[in-house]
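A short write-up of the structure that comes next.
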Amino acid sequence: MDRIYEDEYIIVTPEDDDCLRAVKKRLSGLPMAERSLFLMYLEQGTYSAVARKLHCSVPTVSKKIRAIKKKILLNTEAICRDY
């Protein structure tokens with residue numbers, strides 16, 4: 001994924017609320033492979049679109065994305081609870 005494009009999702013801006021700031025921080029801390037996969041999912045919108053792009057199965061993509069979501073939620077749920 002293009003670094004400039006990726007920065008749209010992980011650079012904190014003054015307009016970001018506490019929740020979005022925490023999510024962006026967690027995203028930027030993910031290993032590159034996980035971050036790229038998750039950002040691809042955000043852009044493509046579906047597991048099947050990502051699977052087609054990566055030439056792998058939908059269940060594989062689904063499993064990986066759900067694991068990444070859990071990582072993000074684990075560290076942000078207290079901050080994002082009210083959002």
Which heavy-atom pair separates Val61 from Tyr47 by the least distance, and what is that distance?
CG1-O, 3.8 Å

How close do Tyr41 and Val50 get, counting heavy atoms only, and between which atoms?
CA-CG2, 3.6 Å

What is the distance from atom CZ of Arg26 to atom CD1 of Ile79, rounded to the nearest 0.5 Å?
12.0 Å

One pair to check against side-chain contact (heavy atoms from CB on, under 4.5 Å): Lys71 and Glu34. What are the steps and the verdict?
CA-CA 10 Å; Lys71 282 185 177 183; Glu34 290 181 346; 2.8 Å; yes

Starting at CG of Leu37, measure out to NZ of Lys53 and round the result to the nearest 0.5 Å.
12.0 Å

Is there a donor-acceptor contact under 3.5 Å from the side chain of Thr76 to the main chain of Ile72?
yes

Just wondering, are more than 12 heavy atoms of other shown residues or ligands nearer than 6.0 Å to NZ in Lys69?
yes

Give a yes or no answer on whether the side chain of Ser28 reaches the backbone of Lys25 with a donor-acceptor pair at less than 3.5 Å.
yes

Is there a side-chain contact between Leu30 and Leu27, using heavy atoms and a 4.5 Å cut-off?
yes

Interatomic spacing from CG in Leu73 to CZ in Arg66 - rounded to 0.5 Å:
13.0 Å

Say whether Val12 and Leu20 are linked into one hydrophobic cluster, either directly or through other cluster members, by side-chain heavy-atom distances under 4.5 angstrom.
no

Can you spot which of Asp17, Asp16, Asp18 makes a salt bridge (Lys or Arg N to Asp or Glu O under 4.0 Å) with Lys24?
Asp16

